[in-house]
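Below: the structure, in structure tokens.
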There are 2 protein chains.
Amino acid sequence: MRRDSRLSGVLHVLLHMAPQPGPFTSETLAKAMDTNPVVIRRIMAGLRELGYVRSEKGHGGGWTLACDLSKVTLRDVYAALGSPSLLAIGNRTEAPGCLVEQAVNAALDQAFRDAEALLLSRLGEVTLAMLGGDLRKRLGSRNVRDINAHHA
Amino acid sequence: MRRDSRLSGVLHVLLHMAPQPGPFTSETLAKAMDTNPVVIRRIMAGLRELGYVRSEKGHGGGWTLACDLSKVTLRDVYAALGSPSLLAIGNRTEAPGCLVEQAVNAALDQAFRDAEALLLSRLGEVTLAMLGGDLRKRLGSRNVRDINAHHA
DNA sequence: ACTCATGAAACATATAAAGTTACATGAGGC
DNA sequence: GCCTCATGTAACTTTATATGTTTCATGAGT
């Protein structure tokens with residue numbers, strides 16, 4: 001099954017924006033992500049509604065971070081995307097009349113719920129600021145501004 | 001994203017087979033699952049290879065359980081399906097050159113691994129026999145043979 | 001007025017699960 | 001031996017959805 005990579009993508013965008021003041025146009029960000037500007041606008045729309053980013057039109061417009069990175073978790077970003085389903089497997093029928101199916105669903109649902117809860121919990125433990133910190137470690141001595149160099 | 005319901009489906013099939021001796025034709029099972037015989041054969045193929053079920057051609061042929069239900073877990077069944085990916089979300093790129101992407105992947109991968117491990121672990125705790133027991137509870141006073149009645 | 005940016009709708013593409021058709025293979029029953 | 005019934009398998013169709021693309025409207029700045 002094809003995996004939804006919007007969370008991965010939007011995090012990438014946010015981390016690219018973090019060290020510089022901005023604003024960044026959708027086109028700039030799209031180049032960095034090797035995708036289309038419209039895709040950027042699409043995945044950023046949810047974040048704008050929750051106030052994590054701002055967007056402005058016209059000359060000098062684009063996207064700007066509008067939140068405290070140490071207050072926003074990966075789970076928040078996930079929620080901003082509309083909380084798409086986390087699991088690739090699921091029940092055949094959601095409210096079956098068949099008792100067999102009910103028994104199967106009950107067993108699977110329990111496992112599914114646990115796994116989803118754990119995943120959400122883990123995502124809730126990581127803030128964007130922490131991600132940025134990890135990034136700086138990976139950069140080592142290099143200037144933070146070089147992050148985007150390879151996207152030129 | 002469309003969810004893979006093969007595990008749910010094959011468990012349904014196995015539970016339907018459990019209380020009766022069989023063999024069951026793909027067509028019978030397909031009717032019970034409201035699907036196509038070829039779909040049944042497809043999802044049963046993996047289980048046959050692992051020896052959980054047997055299949056026989058010709059008159060009086062069909063599918064027969066060939067394992068100790070108390071020894072086979074939902075995880076085993078999942079593995080018999082080829083261990084399809086469990087998560088609906090994932091990283092944009094698996095082995096990125098971009099340091100930003102690496103940082104994002106590292107954070108997400110950890111959460112993904114934990115959730116997958118927990119889900120597999122939960123599936124490993126439930127045997128087919130336990131599922132059958134739960135089903136009998138749901139059936140209450142009714143005869144086990146009535147399970148399939150509504151599929152007629 | 002012109003340019004640059006987002007906003008949004010509409011359409012195209014890619015991928016994978018699920019459903020379907022068609023036919024080959026082999027196991028009884030006659 | 002031939003016929004019927006069942007699985008085995010390949011090929012194709014359908015459906016859902018993430019992703020990509022085109023197009024145009026809207027509004028901000030020069």
Side-chain angles (χ1 to χ4, degrees), chain A residues 1-10 12-13 17 22-49 53-66 78 81-94, chain B residues 1-10 12-13 17 22-49 53-66 78 81-94:
Chain A
M1 181 176 301
R2 197 173 189 177
R3 271 162 143 174
D4 185 336
S5 63
R6 280 175 293 182
L7 178 58
S8 171
V10 76
H12 190 162
V13 167
M17 292 171 69
F24 304 83
T25 68
S26 301
E27 198 179 336
T28 302
L29 296 175
K31 275 205 184 97
M33 301 234 339
D34 197 41
T35 183
N36 195 290
V38 179
V39 174
I40 299 292
R41 294 192 193 113
R42 212 139 61 186
I43 63 179
M44 296 289 274
L47 277 81
R48 183 187 50 227
E49 276 163 35
V53 297
R54 240 188 3 249
S55 68
E56 269 154 330
K57 295 180 172 177
H59 278 276
W63 298 90
T64 318
L65 285 173
Y78 163 76
L81 294 176
S83 304
S85 77
L86 294 170
L87 296 180
I89 66 178
N91 292 321
R92 248 167 32 91
T93 314
E94 225 34 72
Chain B
M1 179 175 304
R2 198 172 189 179
R3 271 163 144 175
D4 184 337
S5 63
R6 280 175 295 182
L7 179 58
S8 171
V10 75
H12 189 162
V13 167
M17 294 171 67
F24 304 84
T25 68
S26 301
E27 199 178 335
T28 302
L29 297 174
K31 273 202 184 99
M33 301 234 341
D34 197 41
T35 181
N36 194 290
V38 179
V39 174
I40 299 292
R41 294 191 193 113
R42 213 141 57 187
I43 64 178
M44 295 289 273
L47 277 81
R48 182 185 52 224
E49 276 163 35
V53 297
R54 238 186 6 247
S55 68
E56 268 155 328
K57 296 180 173 177
H59 278 279
W63 299 90
T64 319
L65 285 172
Y78 163 75
L81 294 176
S83 303
S85 77
L86 294 170
L87 296 180
I89 67 177
N91 292 321
R92 248 167 31 91
T93 314
E94 225 34 73

Over how many whole Å does the gap from B/Leu81 atom CG to C/dA18 atom C1' extend?
14 Å

Below 4.0 Å: OP1/OP2 of C/dA8 and any side-chain N or O of A/Arg41
no

Starting at atom CZ of B/Arg3, determine the distance to atom P of D/dA16, rounded to an integer number of angstrom.
16 Å

Could you tell me the separation between the CD1 atom of B/Ile40 and the P atom of C/dA18, rounded to a whole number of Å?
12 Å

Give the nucleotide from the list D/dG8, C/dT6, D/dT22 with an atom nearest to the side chain of A/Ser26.
C/dT6

When we call it a touch if two heavy atoms are under 4.0 Å apart, what does A/Arg92 touch: a base, just sugar-phosphate, or nothing?
nothing

Taking it one step at a time, do B/Val53 and B/Thr64 satisfy side-chain contact (heavy atoms from CB on, under 4.5 Å)?
CA-CA 6 Å; B/Val53 297; B/Thr64 319; over 6 Å; no

Expressed in angstrom and rounded to an integer, what is the separation of A/Asn36 atom CG from D/dT23 atom C1'?
12 Å

What's the CZ-P distance between A/Arg54 and D/dA28, to the nearest Å?
14 Å

Would you indicate what A/Arg48 reaches in the nucleic acid, counting non-hydrogen atoms under 4.0 angstrom: base, sugar-phosphate, or nothing?
sugar-phosphate

DNA chain D: A/Val38 or A/Asp4, which has the more 5' nearest nucleotide?
A/Asp4

Rounded off to whole Å, could you give me the CD1-to-C1' distance for the B/Ile89 and D/dT17 pair?
16 Å

Which of C/dA17, C/dG19, C/dG7 is nearest the side chain of B/Arg2? It is C/dA17

Figure out the NZ/C1' separation between A/Lys57 and D/dA28, and round it to whole Å.
9 Å

Measure the spacing between CZ of A/Arg6 and CD1 of B/Ile89 and express it to the nearest 0.5 Å.
10.0 Å

What does B/Gly60 touch in the nucleic acid at a heavy-atom separation under 4.0 angstrom: a base, only the sugar-phosphate, or nothing?
nothing

Identify which nucleotide among C/dT21, D/dG20, D/dT9 has an atom closest to any side-chain atom of A/Arg42, counting heavy atoms from C-beta outward.
D/dG20

Rounded to the Å, how far apart are A/Glu56 CD and C/dT3 C1'?
17 Å

Between B/Ser55 and D/dG8, does any side-chain N or O lie under 4.0 Å from OP1 or OP2?
yes

Roughly how far, to the nearest 0.5 Å, is the CG atom of B/Leu7 from the CZ atom of A/Arg92?
12.0 Å

Scan side-chain atoms only and decide if A/Thr25 and A/Thr28 contain a donor-acceptor pair under the 3.5 Å cut-off.
yes

Between A/Ile43 and A/His59, which is nearer to the 5' end of DNA chain D once each is assigned its nearest nucleotide?
A/Ile43

Set out, in order, the CA-CA distance, both residues' side-chain angles and the distance that settles side-chain contact (heavy atoms from CB on, under 4.5 Å) for A/Tyr78 and A/Leu86, then state yes or no.
CA-CA 10 Å; A/Tyr78 163 76; A/Leu86 294 170; 3.5 Å; yes

Between A/Thr35 and D/dG20, is there a contact of a side-chain N or O with OP1 or OP2 at under 4.0 Å?
yes

Is there a side-chain contact between B/Ser5 and the phosphate of C/dA17, meaning an N or O under 4.0 Å from OP1 or OP2?
no

